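Each remark here refers to the structure printed beneath this line.
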There are 2 protein chains.
Amino acid sequence: MSSQSTKKHEAINARTALLPSTDRSLPIALTRAREKVMLPIRQMLIASGITEQQWRILRVLQEQGPLDSTTLAEQACLLMPSLTRIVQSMEEKGFVSRVVSQEDRRRQTVSIEAKGRTIIQNNLDEAAIIAKRFEDVLGKQKLKTLLETLKQLDEL
Amino acid sequence: MSSQSTKKHEAINARTALLPSTDRSLPIALTRAREKVMLPIRQMLIASGITEQQWRILRVLQEQGPLDSTTLAEQACLLMPSLTRIVQSMEEKGFVSRVVSQEDRRRQTVSIEAKGRTIIQNNLDEAAIIAKRFEDVLGKQKLKTLLETLKQLDEL
DNA sequence: CAATATTACTTAATATGTTAAATAATATCC
DNA sequence: GGATATTATTTAACATATTAAGTAATATTG
């Protein structure tokens, strides 16, 4: 922002006009928005002692029933190495259970357990309020458009 | 997806209809889109041996000139503890330098160095091509709308 | 059907994310 | 002006992200 850097900035942009500046960058904008949207959810979950990733795992299992690890990772938007560790830790705490599949013993099925369901119950209402707040801020139509555009990016 | 879990799923949704299901969740959609957009950038940067966060730091410094750590963290979308570590490592590698501010000795100013500029030069064209690809996929108007909506979320 | 390839998951190593606490310098208040 | 509060940065501790390599089971192929 200093005047001496402004000249340099313009000089560089003159020969690299193709790339949008960082304040118009899609990756950065997505990261910022994600952070803002995650923050209240993270704060809510502190009381339950779980992370947003663990919350996503519980919600996916509650919605879709028992899943194999690969599908669960995809649905909860986690990479397999992360999922492995998180599910191990959640199993130790009794939130989920794992059983080896009998048809294919490479696979395992992860299920939500009573303790995990309790966490869902304790947070579902507040999570809905948080989601509603963002819907109200953006408006239903803009939120719908946003989700569609984000989906389009995901499906590339 | 199994039929025995479908009944459970519906039963739960009946009494918790307020919260959108995970496949319509804004946090998850943002995370997925971010991942898709970041992937080609990360792959590009492998050749230079830096991460996307280090790339953001270099780009912000190149655009805006020397910055104090707090501003740099804000602009590069990093938390201060992350910035501290990353800048330390980048300083050791000669990509950036740090000097303590004389007006306020709590502050320090971070500057990009020749080695850092070289990395920018080596990747700017390809970064522009990647950015263009997303612009072409979405269309200029939809990208503009997306950035505006994301900004609106950020400014909450 | 045995060698090879693929798949599902795990482990390892390194980097970043996140919260809390520590540190040092500056600002504020009585 | 000295006690106290605030600010800028760092450190610590733990959790996740990412890439690569490892392992065990299944699938494929000659």
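Chain letters run A, B, ... following the sequence lines, proteins first, then strands; residues in each count from 1. Here the structure is a predicted model, which is why all the values come from computation and not from measurement.
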For T109(A), enumerate each residue passing the side chain to side chain donor-acceptor pair (under 3.5 Å) test, keeping only those at least two apart in sequence or located in another chain. none
Can you sort out the partners of E91(B) under side chain to side chain donor-acceptor pair (under 3.5 Å), two or more places apart, ordered by chain and number? R98(B)
Return each pair, listed once, that meets side chain to side chain donor-acceptor pair (under 3.5 Å) where at least one residue sits in residues 126-135 of chain A; pairs must be two or more places apart or across chains. K132(A)-D136(A)
Below 3.5 Å between N/O atoms, which protein atoms pair up with nucleotides 15-18 of chain C? Just atom names and distances, please.
residue	atom	partner	partner atom	Å
dT16(C)	OP1	T51(B)	OG1	2.9
dT16(C)	OP1	Q54(B)	NE2	3.2
dT16(C)	O3'	Q53(B)	NE2	2.8
dG17(C)	OP2	S82(B)	OG	3.0
dG17(C)	N7	R85(B)	NH2	3.1
dG17(C)	O6	R85(B)	NH1	3.3
dT18(C)	OP1	E35(A)	OE1	3.4
dT18(C)	OP1	R42(A)	NH1	3.0

Assess whether side-chain hydrogen bond (donor to acceptor under 3.5 Å, both in side chains) is satisfied between N122(B) and S48(B), documenting all intermediate values. CA-CA 8 Å; N122(B) 290 344; S48(B) 297; 5.3 Å; no
End-to-end axis angle, where each axis spans five pairs of the helix from dC1(C)-dG30(D) to dC30(C)-dG1(D), to 10°: 20°
May I ask you to say whether R117(B) pairs ionically with E113(B), meaning some side-chain N is under 4.0 Å from a carboxylate O? no
Whole Å only: how far is the [atom1] atom of [X] from the [atom2] atom of [N]?
X: I46(A); N: dT19(C); atom1: CD1; atom2: P; answer: 6 Å
X: I41(B); N: dT18(D); atom1: CD1; atom2: C1'; answer: 16 Å
X: E91(B); N: dT10(D); atom1: CD; atom2: C1'; answer: 14 Å
X: Q88(B); N: dA12(D); atom1: CD; atom2: P; answer: 11 Å
X: L39(B); N: dA17(D); atom1: CG; atom2: C1'; answer: 13 Å

Sub-3.5 Å donor-acceptor pair from the side chain of K115(B) to the main-chain atoms of F95(B), do we have one? no
Look only at the side chain of T118(B) and the backbone of A114(B), and say whether a donor-acceptor pair between them is shorter than 3.5 Å. yes
Between the protein and nucleotides 6-9 of chain D, which nitrogen or oxygen pairs come in under 3.5 angstrom?
residue	atom	partner	partner atom	Å
dT7(D)	O2	R106(B)	NH1	2.8
dA8(D)	OP1	R107(B)	NH2	2.9
dT9(D)	OP1	S69(B)	N	3.4
dT9(D)	OP1	Q108(B)	N	3.2
dT9(D)	OP2	T70(B)	N	2.9
dT9(D)	OP2	T70(B)	OG1	2.1

Could you tell me whether the side chains of D104(A) and S101(A) share a donor-acceptor contact shorter than 3.5 Å? no
Looking just at side-chain N and O atoms, do Q141(B) and T145(B) make a donor-acceptor pair shorter than 3.5 Å? yes
